[in-house]
Q: 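My questions all concern the structure below.
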Amino acid sequence: EFRLRGFIKAELFTDEQARLTERLGTHLDSKTPSLGVAGSTIALDPEQVNVLRGVYAQLKAKQKSMYIEAPTGFGKTVVILKLLEALTRDGKPPRIMIAVPDIDALETWRNAIEELAPILSKDGKNPFEHIGYYYEGQKDTDKAITIATMTSMVLTNQNKVFGNDDFDITIIDEGHSALSDLRVSVLAESGAVRIYLSATPAYTHAKSLDNVAVRAYRCSPEYAEQLKLVSKYQNIIVAQPDIVLDESVLNQSGDINLA
């Protein structure tokens with residue numbers, strides 16, 4: 001399912017963002033699972049292609065903040081890698097930030113790029129030629145694609161490491177974990193298109209991705225199982241908690257203060 005929703009206003013697109021939208025539309029016209037991306041090893045399921053159609057529909061409507069809702073195991077990471085491949089031109093990706101919740105998630109993305117999307121590099125041999133990382137152990141600032149923990153994303157904003165217009169697109173993995181007031185404000189300052197990924201967009205009854213983004217696509221766990229995109233053992237649905245975290249329990253980077 002993908003749809004347009006009008007309660008979040010359209011924003012001004014840069015010329016590059018308009019070009020990226022047109023490029024994605026061209027690839028979606030392809031009839032092949034690779035979406036016409038030369039050298040790609042990623043072949044999407046038709047329903048995964050529908051995710052990108054939903055993203056494209058929102059981009060055409062000049063929506064800069066959107067979310068993708070799909071269960072764990074659906075292949076949201078693979079879909080985003082295909083998006084990055086489709087937007088790559090002349091061997092160089094556009095300026096992308098991928099914000100992840102923690103170091104483990106950063107390593108997951110690092111491994112996925114190396115194994116599944118080596119063409120994101122210029123020659124297909126060095127998967128990290130255009131990929132940089134920004135976290136406590138590494139601070140790359142000159143790469144086309146930067147993967148950063150959410151804590152580091154906030155710190156780069158506070159310390160003016162990156163400008164608000166340094167990225168064309170920001171992908172927010174586990175987007176529901178970016179719903180603290182601080183993280184929402186940091187992302188809202190950016191001129192980038194924001195694409196949130198989540199299996200549970202309603203973090204609590206008061207904090208939901210619906211408050212900061214329009215829905216580009218939704219796939220229920222049951223439908224994903226029916227399509228055999230996930231197994232029935234992955235579809236353990238946990239009820240949303242009724243509590244609302246007081247902002248006082250969040251530290252300066254927007255993380256929960258466990259002290």
Side-chain angles (χ1 to χ4, degrees), residues 1-5 24 28 33 35 41-59 63 65-86 98-113 115-117 147 149-150 169-180 183 187 193-243 245 256:
E1 172 189 359
F2 58 90
R3 59 179 176 167
L4 297 176
R5 296 169 64 181
L24 176 58
L28 285 171
L35 297 188
T41 61
I42 297 176
L44 295 183
D45 179 275
E47 190 61 26
Q48 292 173 324
V49 175
N50 281 340
V51 179
L52 296 183
R53 295 193 188 283
V55 169
Y56 178 66
Q58 297 294 355
L59 292 174
Q63 294 286 0
S65 186
M66 67 190 77
Y67 73 88
I68 294 166
E69 177 186 352
T72 301
F74 175 90
K76 295 186 290 294
T77 299
V78 172
V79 170
I80 293 303
L81 291 180
K82 174 57 72 177
L83 173 66
L84 300 189
E85 288 183 345
I98 302 174
V100 300
D102 52 39
I103 298 296
D104 288 342
L106 186 147
E107 292 297 336
T108 296
W109 280 90
R110 188 199 302 265
N111 293 335
I113 291 170
E115 295 172 12
L116 301 175
I147 304 177
T149 61
M150 290 187 190
I169 298 174
T170 296
I171 307 295
I172 305 98
D173 192 18
E174 302 294 342
H176 53 275
S177 63
L179 288 173
S180 70
R183 291 178 178 178
L187 288 164
V193 170
R194 285 91 66 193
I195 304 176
Y196 298 81
L197 313 177
S198 183
T200 53
Y203 189 62
T204 71
H205 70 273
K207 288 188 179 296
S208 170
L209 289 176
D210 280 316
N211 298 331
V212 298
V214 298
R215 190 171 72 201
Y217 173 88
R218 179 182 183 272
C219 180
S220 70
E222 294 80 9
Y223 188 54
E225 181 184 335
Q226 180 182 335
L227 294 175
K228 301 187 184 306
L229 289 170
V230 300
S231 74
K232 63 181 179 180
Y233 302 106
Q234 291 175 300
N235 290 340
I236 301 174
I237 303 173
V238 180
Q240 296 295 334
D242 290 329
I243 63 168
L245 291 177
I256 297 174

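Since this is a predicted model, take the numbers as computed values, not measurements.
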Q: With sequence neighbours left out, what residues match Val49 under side-chain contact (heavy atoms from CB on, under 4.5 Å)?
A: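 So Val49 forms a side-chain contact (heavy atoms from CB on, under 4.5 Å) with Leu28, Leu35, Leu44, Arg53.
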Q: Would you say that Asn211 contacts Leu179 through its side chain, given a criterion of any heavy-atom pair below 4.5 Å between the two side chains?
A: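 Of all side-chain heavy-atom pairs linking Leu179 with Asn211, none is under 4.5 Å.
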Q: Examine distances only and state if a side-chain atom of Glu174 and a backbone atom of Ala105 form a donor-acceptor pair shorter than 3.5 Å.
A: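 No, the answer is negative, given that no donor and acceptor are paired below the 3.5 Å cut-off.
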Q: Please tell me if the side chains of Leu59 and Leu24 come closer than 4.5 Å, counting only heavy atoms from C-beta onward.
A: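 Heavy-atom side-chain distance check passes, below 4.5 Å.
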Q: Taking atom CD1 of Ile171 and atom CD1 of Ile195, what is their separation to the nearest 0.5 Å?
A: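 Rounded to the nearest 0.5 Å, the CD1-CD1 separation comes to 4.0 Å.
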Q: Using modelled atom types only, decide if a donor and an acceptor are shared between the side chain of Arg215 and the backbone of Ile68 within a distance under 3.5 Å.
A: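 Answer holds: no.
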Q: Which residues satisfy the salt bridge (charged side-chain N to carboxylate O under 4.0 Å, His left out) test with Glu107, sequence neighbours excluded?
A: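 By the salt bridge (charged side-chain N to carboxylate O under 4.0 Å, His left out) rule, Glu107 matches Arg110.
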Q: For a side-chain contact (heavy atoms from CB on, under 4.5 Å) check, start with the C-alpha distance between Leu227 and Phe74, then their side-chain angles and the critical distance, and finish with the verdict.
A: CA-CA 10 Å; Leu227 294 175; Phe74 175 90; 5.8 Å; no
Q: Could you give the distance from CD1 (Ile169) to CG (Leu84), rounded to the nearest 0.5 Å?
A: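 One finds 7.5 Å between CD1 of Ile169 and CG of Leu84.
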Q: Using side-chain hydrogen bond (donor to acceptor under 3.5 Å, both in side chains) as the criterion, list what pairs up with Thr77, not counting sequence neighbours.
A: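 Partners of Thr77 by the side-chain hydrogen bond (donor to acceptor under 3.5 Å, both in side chains) criterion come out as none, since no residue qualifies.
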Q: If you round to the nearest 0.5 Å, how far is CD of Gln58 from OH of Tyr217?
A: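 Answer for the OH-CD pair, Tyr217 versus Gln58, is 14.0 Å.
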Q: Nearest 0.5 Å please: distance from the SG atom of Cys219 over to the CD atom of Glu225.
A: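 The CD atom of Glu225 is 11.0 Å from SG of Cys219, to the nearest 0.5 Å.
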Q: I'd like to check Leu81 versus Ile42 (side-chain heavy atoms, cut-off strictly below 4.5 Å). Are they in contact?
A: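 Leu81 reaches Ile42 side chain to side chain.
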Q: I'd like to check the side-chain hydrogen bond (donor to acceptor under 3.5 Å, both in side chains) partners of Ser198; sequence neighbours left out, ordered by chain and number.
A: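 Once residues adjacent in sequence are excluded, the partners of Ser198 under the side-chain hydrogen bond (donor to acceptor under 3.5 Å, both in side chains) criterion are His176.
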Q: In Å, rounded to the nearest 0.5 Å, how long is the span from CD of Glu69 to OG1 of Thr200?
A: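 Here the interatomic distance stands at 8.5 Å.
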Q: Is there a donor-acceptor pair closer than 3.5 Å between any side-chain N or O of Ser208 and the backbone N or O of Asp210?
A: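 Yes, the answer is positive, given that a donor and an acceptor are paired below the 3.5 Å cut-off.
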Q: Looking at Glu115 and Ala112, would you say the former's side chain and the latter's main chain have a donor-acceptor pair under 3.5 Å?
A: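 Such a contact is absent between Glu115 side chain and Ala112 backbone.
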Q: Got a sec, which pairs hit salt bridge (Lys or Arg N to Asp or Glu O under 4.0 Å) with one end in residues 73-83, sequence neighbours left out?
A: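 Qualifying pairs, neighbours excluded: Lys82-Glu85.
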Q: Flag the pair Ile172 / Leu197 as yes when at least one side-chain heavy-atom distance between them is below 4.5 Å, and no otherwise.
A: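 No, side chains not in contact.
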Q: Check whether any side-chain heavy atom of Tyr56 sits under 4.5 Å from a side-chain heavy atom of Leu83, and report yes or no.
A: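 No. Closest side-chain heavy atoms not under 4.5 Å.
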Q: Report yes if the side chains of Tyr196 and Asp173 come closer than 4.5 Å at any heavy-atom pair, otherwise no.
A: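 They are not in contact (no side-chain heavy atoms under 4.5 Å apart), so the answer is no.
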Q: So, does Ser65 use its side chain to make a donor-acceptor pair with the main chain of Val212 at under 3.5 Å?
A: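 Yes; judged by distance alone, with no hydrogens or angles, the pair exists.
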Q: Closest heavy-atom contact between Arg183 and Ala178?
A: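 What the structure gives for the nearest pair is CB-O, 3.5 Å.
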Q: I'd like to check the side-chain contact (heavy atoms from CB on, under 4.5 Å) partners of Ser220; sequence neighbours left out, ordered by chain and number.
A: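 So Ser220 forms a side-chain contact (heavy atoms from CB on, under 4.5 Å) with Arg218, Glu222, Tyr223.
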Q: Do Asn50 and Glu47 pair up side chain to side chain, a donor and an acceptor below 3.5 Å, judged on atom types alone?
A: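 The answer is yes; a qualifying pair exists.
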Q: If you measure from CG on Leu116 to CG on Asn111, what distance do you get to the nearest 0.5 Å?
A: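 So the gap between those two atoms works out to 9.5 Å.
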